[in-house]
Structure formats: C-alpha cells, structure tokens
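When reading the values below, keep in mind they use all heavy atoms of this one structure, side chains included, and skip hydrogens, waters and symmetry mates.
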Amino acid sequence: MTGMETDAPLRRKTAVITGAARGLGRACAIRFAQEGADLVLVDVADDVAGVPYPLGSADQLEYTADLCRSHNVSVLTVVADIRDPVSVHRVAALALERFGTVHILLNNAGIAAPSGKAVHDIDEAEWDLMIGIDLTGAWRMMKAVVPTMIEQRSGSVINIASTAGLVGYRHFAGYVAAKHGLIGLTKAAALDYAPFRVRINALCPGSVRDDPVHEGRMLAEIARSLEVDVDEHEDIFVQSQPMNSLIEPHDVAGAAVWLAGDDSRQVTGTTLTVDGGFSAR
Ligand SMILES: NC(=O)c1ccc[n+]([C@@H]2O[C@H](COP(=O)([O-])OP(=O)(O)OC[C@H]3O[C@@H](n4cnc5c(N)ncnc54)[C@H](O)[C@@H]3O)[C@@H](O)[C@H]2O)c1
C-alpha cells in the first residue's frame with residue numbers, strides 16, 4: 001500500500017452505488033475506488049419495459065467492477081431493480097453480510113425517458129415509470145440502507161438529481177417532477193437524520209457528456225426525446241452552459257467524493273450544482 005492510498009479520503013468506508021453499470025455510476029465507482037472505498041455496485045442490468053432505450057447490462061456492471069478492483073478495493077456486484085422492495089432489501093442484506101456496514105449510499109440510477117410529451121399527453125404508465133425509478137427508487141434505497149447508518153451514528157447519502165430538479169424543461173414533466181421531488185426528499189430526510197449525524201445531500205449535474213469510456217447514454221437520449229438533432233446535440237446543449245463546455249463524468253464524481261467523505265461533515269440538506277453556471281442565471 002502506498003502512502004497516498006493511506007490518505008485516501010474514503011479508505012475503510014463502504015459505498016453502495018446504484019446505476020453503476022455505466023455512465024455517471026461507473027465514473028463515480030471508479031473515483032470512489034481510487035479514493036479507497038469498498039463498493040457494492042447495483043444495476044438493473046437489463047432493459048425495462050417502457051424505457052425506450054437500452055439500459056445497462058450485466059457485462060457492463062462486471063466491467064465497472066473489474067475497473068474498480070484494479071484499485072485494490074473489494075467490490076460486490078448485485079443485479080437489482082430499485083423499483084422492487086424485495087431486491088432493494090436484498091442489496092442492503094448482501095452489503096451487510098459482505099462488509100458489515102454501509103457508510104455511503106449514492107442514489108444514481110435513473111432514466112430520462114419516456115419523455116418528450118406535454119403534461120396532458122403523458123399516460124399513467126409513463127408517469128408511474130418515471131416517478132417509480134427516479135424518485136421512489138431513491139426513497140426505497142434510503143429506507144433499506146439508512147437504518148444501518150443511524151445505528152452507527154454516521155453516514156452520507158448522495159442523491160443524484162439534476163438541473164431538472166431546479167428548473168423546468170419543456171416536454172420533460174415526469175423527469176422534472178421526479179428530480180424536484182428528489183431534492184424535496186433530500187431536504188426532509190436531512191432533517192429526519194441530522195440528530196444521528198447521517199447526512200443527506202443532492203447533487204445536480206448539468207448536461208453531462210456521454211463519455212465513451214463510461215458508456216453513458218443519457219444526454220443522447222434526452223436529445224432524442226426533445227427532438228434535438230442527435231448529431232449536433234452536444235453543440236446545442238453547450239449553448240445553455242455559461243462555461244461553454246459540457247460537464248464531464250469526472251466533474252460529477254469529484255463532487256460526489258467530497259459529499260461522501262468527512263471533509264463535508266457539517267453539510268446536510270444541501271443541493272450542490274455541477275452545471276457550469278447553468279442555474280446561476
Ligand atoms: N447524463 C446527464 O446529462 C445527466 C444530467 C443530470 C442528471 N443525471 C442523472 O445522473 C444519473 C445517471 O445518469 P447517466 O447519465 O449515467 O445515465 P445512463 O443511462 O448512462 O446510466 C443509468 C444507469 O442506471 C441504471 N438503471 C436504470 N433504471 C434502473 C433501475 N430501475 N434499477 C437499477 N438500475 C437502474 C441503468 O441500467 C444504467 O446503467 C441519473 O439519475 C440521471 O438522471 C444525468
């Protein structure tokens with residue numbers, strides 16, 4: 001073990017990360033591993049009926065795990081759909097069985113579509129699917145994992161929301177409502193758990209580049225939903241970012257490491273934007 005590894009801010013901590021097969025979940029997993037955390041990597045690892053694009057796969061989840069193990073941390077992968085309470089409780093039980101406790105929960109799993117409709121055109125199933133994954137899934141994971149954190153009187157939950165949790169986007173009401181709800185859930189939970197020193201924060205990325213290394217798909221899928229030209233979508237999304245560049249997955253991972261670690265020990269109930277200034281206007 002090198003000196004640098006000893007100083008790693010997440011050494012001796014265990015983190016559960018949902019949606020870890022690819023994209024931001026993979027980027028955060030790798031960065032958490034670099035910072036010394038043992039990991040429970042969770043993904044549905046299958047397509048979900050009603051989501052009009054492929055989700056992460058079992059191979060991608062195992063690939064993320066291999067990338068993390070190369071940083072000399074222990075990694076457990078669990079295939080679970082965060083819509084299913086039984087599977088979610090199995091995640092918590094397997095994490096406790098393998099690592100004895102959980103210090104960090106990164107609620108990252110999410111979908112961007114079905115979207116692209118005005119509010120009155122969204123049907124019941126589309127609404128339930130969006131809220132069920134992007135809002136209720138995070139609540140369900142907290143319900144399963146936070147009791148362990150209360151018991152040990154420490155823990156950090158990071159809910160990946162979005163700038164869509166702060167402002168509206170046209171023809172994106174389900175996603176916008178879910179992410180606004182996630183920020184509300186974050187604030188309420190922060191108050192519930194502050195006496196136990198369990199911290200709950202939201203992280204709001206702006207438009208994140210679909211980096212091929214992490215195989216993220218969301219920005220292209222948002223473009224497709226909003227009928228933005230997929231070949232030009234990066235240039236179009238850049239125009240809304242005051243710093244004139246897309247967010248990179250490692251920008252989000254760096255903020256997640258800070259929220260996860262002890263340097264942010266007095267930070268709870270906050271909403272941290274990583275959006276190149278988008279929400280400052
Ligand atoms: N990419 C962006 O521009 C952007 C911007 C703001 C916020 N976000 C948020 O960041 C998070 C990650 O997005 P991403 O860009 O990496 O997307 P992505 O589609 O590349 O990855 C999402 C992962 O979540 C998994 N997942 C989806 N539904 C699941 C379920 N029911 N149970 C378990 N796993 C499930 C998928 O299989 C996939 O591996 C999402 O919550 C998203 O809303 C993304």
Side-chain angles (χ1 to χ4, degrees), residues 17-20 22-28 51 53 55-56 82 105-117 119 122 126-127 129-139 141-142 157-187 189 200-211 214 216-226 228 233-234 236-243 245-256 258-259 269-281:
I17 301 179
T18 65
R22 70 181 187 200
L24 287 179
R26 176 181 290 172
C28 290
V51 178
Y53 61 94
L55 294 179
I82 58 168
L105 168 61
L106 183 68
N107 271 321
N108 164 78
I111 55 169
S115 294
K117 291 180 176 178
V119 168
I122 300 170
E126 289 168 336
W127 181 266
L129 184 58
M130 186 61 77
I131 301 294
I133 294 179
D134 285 13
L135 175 57
T136 313
W139 164 76
M141 285 298 305
M142 284 170 55
V157 177
I158 302 150
N159 292 323
I160 301 291
S162 164
T163 51
L166 301 168
V167 301
Y169 287 87
R170 187 165 178 264
H171 289 175
F172 229 60
Y175 187 79
V176 166
K179 295 298 190 181
H180 273 70
L182 188 54
I183 290 175
L185 173 64
T186 298
K187 291 178 183 172
I200 320 287
N201 291 293
L203 183 46
C204 291
S207 298
V208 182
R209 195 167 68 86
D210 288 336
D211 175 351
H214 300 104
R217 291 198 57 128
M218 193 166 276
L219 202 61
E221 295 308 330
I222 291 172
R224 237 181 288 278
S225 283
L226 297 180
V228 170
H233 77 283
E234 289 197 350
I236 291 165
F237 285 122
V238 162
Q239 286 163 23
S240 69
Q241 309 261 138
M243 290 186 85
S245 58
L246 293 176
I247 310 302
E248 296 293 334
H250 64 77
D251 297 320
V252 179
W258 181 72
L259 286 173
T270 201
T271 301
L272 177 60
T273 56
V274 180
D275 68 353
F278 171 86
S279 55
R281 289 179 298 195

Chemist: Looking only at heavy atoms, which two atoms of V119 and A173 are closest? And how far apart?
Modeler: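 Between these two residues, the closest heavy atoms are CG2-CB, 3.6 Å.
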
Chemist: Give, for atom OG1 of T271 and atom CG of N201, the distance between the pair rounded to the nearest 0.5 Å.
Modeler: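 T271 OG1 to N201 CG: 8.0 Å, rounded to 0.5 Å.
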
Chemist: Atom CG of L55 and atom CD1 of I133: how far apart are they, to the nearest 0.5 Å?
Modeler: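 That separation rounds to 7.0 Å.
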
Chemist: Below 4.5 Å, heavy atoms only, C-beta onward: do L185 and M142 meet side chain to side chain?
Modeler: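 L185 reaches M142 side chain to side chain.
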
Chemist: Kindly indicate, with the supporting measurements, whether the criterion side-chain hydrogen bond (donor to acceptor under 3.5 Å, both in side chains) is fulfilled by Y169 and T163.
Modeler: CA-CA 9 Å; Y169 287 87; T163 51; 2.7 Å; yes

Chemist: Between V274 and L203, is a side chain to side chain contact (heavy atoms under 4.5 Å, CB included) present by the stated rule, with each step listed?
Modeler: CA-CA 7 Å; V274 180; L203 183 46; 3.6 Å; yes

Chemist: Do the side chains of M218 and Y53 get nearer than 4.5 Å, heavy atoms only?
Modeler: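 A side-chain contact under 4.5 Å exists here.
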
Chemist: Could you go through the side chain to side chain contact (heavy atoms under 4.5 Å, CB included) check for I247 and Q241 one step at a time?
Modeler: CA-CA 9 Å; I247 310 302; Q241 309 261 138; 3.6 Å; yes

Chemist: What distance separates M141 CE from T136 OG1, expressed to the nearest 0.5 Å?
Modeler: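 Nearest 0.5 Å value for the CE-OG1 distance: 14.0 Å.
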
Chemist: Please tell me if the side chains of F278 and V167 come closer than 4.5 Å, counting only heavy atoms from C-beta onward.
Modeler: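 Side-chain contact under 4.5 Å: yes.
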
Chemist: Decide yes or no for L24 and P205: does some side-chain heavy atom of the first lie under 4.5 Å from some side-chain heavy atom of the second?
Modeler: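 Result yes, sub-4.5 Å side-chain heavy-atom pair found.
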
Chemist: Around atom NZ of K187, are there more than 12 heavy atoms from other residues, nucleotides or ligands closer than 6.0 Å?
Modeler: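 12 or below, so no.
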
Chemist: I'd like to know whether R26 forms a side chain to side chain contact (heavy atoms under 4.5 Å, CB included) with H214, so could you lay out the CA-CA distance, the side-chain angles of the two residues, the decisive distance to 0.1 Å, and finally the verdict.
Modeler: CA-CA 6 Å; R26 176 181 290 172; H214 300 104; 3.9 Å; yes

Chemist: Is the CZ atom of R281 crowded by more than 12 outside heavy atoms at less than 6.0 Å?
Modeler: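 Atom CZ in R281 is packed in, count exceeds 12.
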
Chemist: Within a strict 4.5 Å, meaning less than it, do heavy atoms of the K117 and E126 side chains meet?
Modeler: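 Of all side-chain heavy-atom pairs linking E126 with K117, at least one is under 4.5 Å.
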
Chemist: Over all heavy atoms of both residues, which pair between G276 and P242 is shortest? Give the atoms and the distance, please.
Modeler: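 Minimum heavy-atom separation between G276 and P242: O-CD, 3.4 Å.
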
Chemist: Does any N or O in the side chain of D210 come within less than 3.5 Å of the main-chain N or O of A220, such that one atom is a donor and the other an acceptor?
Modeler: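 Yes, the answer is positive, given that a donor and an acceptor are paired below the 3.5 Å cut-off.
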
Chemist: Could you grab the distance from atom CG of D251 to atom CE of M243, nearest 0.5 Å is fine?
Modeler: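 Rounded to the nearest 0.5 Å, the CG-CE separation comes to 9.5 Å.
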
Chemist: Between atom OG of S162 and atom CG of L182, what is the distance when rounded to the nearest 0.5 Å?
Modeler: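 Going from the OG atom of S162 to the CG atom of L182 covers 10.0 Å.
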
Chemist: With a 4.5 Å cut-off on side-chain heavy atoms, are F237 and L246 touching?
Modeler: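 Contact flag for L246/F237 side chains = yes.
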
Chemist: Is there a side-chain contact between S225 and H171 in this structure, where contact means two heavy atoms from C-beta onward sitting under 4.5 Å apart?
Modeler: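 Answer no - side chains too far apart.
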
Chemist: Which heavy atom in V208 sits nearest to a heavy atom in E248, and how many Å separate them?
Modeler: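 Scanning both residues, the minimum pair turns out to be CG1-C, 4.1 Å.
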
Chemist: Looking at A202 and T186, what are the two nearest heavy atoms and their distance?
Modeler: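 Here A202 and T186 meet closest at N-CG2, 3.4 Å.
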
Chemist: Can you give each donor-acceptor pair under 3.5 Å made by side-chain atoms of residues 105-116, sequence neighbours left out, with the distance rounded to 0.1 Å?
Modeler:
| residue | atom | partner | partner atom | Å |
| --- | --- | --- | --- | --- |
| N107 | ND2 | A138 | O | 3.3 |
| N107 | ND2 | N159 | OD1 | 3.0 |
| N108 | ND2 | T18 | O | 3.0 |
| N108 | ND2 | G19 | O | 3.1 |
| S115 | OG | A112 | O | 2.6 |

Chemist: Using every non-hydrogen atom in the two residues, find where A177 and W127 come nearest and quote the distance to one decimal.
Modeler: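 Nearest heavy atoms, A177 then W127: CB-CH2, 3.7 Å.
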
Chemist: Any non-hydrogen side-chain atom of I183 less than 4.5 Å from a side-chain atom of C204?
Modeler: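 Sidechains of C204 and I183: in contact.
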
Chemist: Got a second to check how far L166's CG is from D275's CG, nearest 0.5 Å?
Modeler: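 Output value for this atom pair is 7.5 Å.
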
Chemist: Looking at D134 and A178, what are the two nearest heavy atoms and their distance?
Modeler: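 D134 and A178 have their closest heavy atoms at CB-CB, 3.6 Å.
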
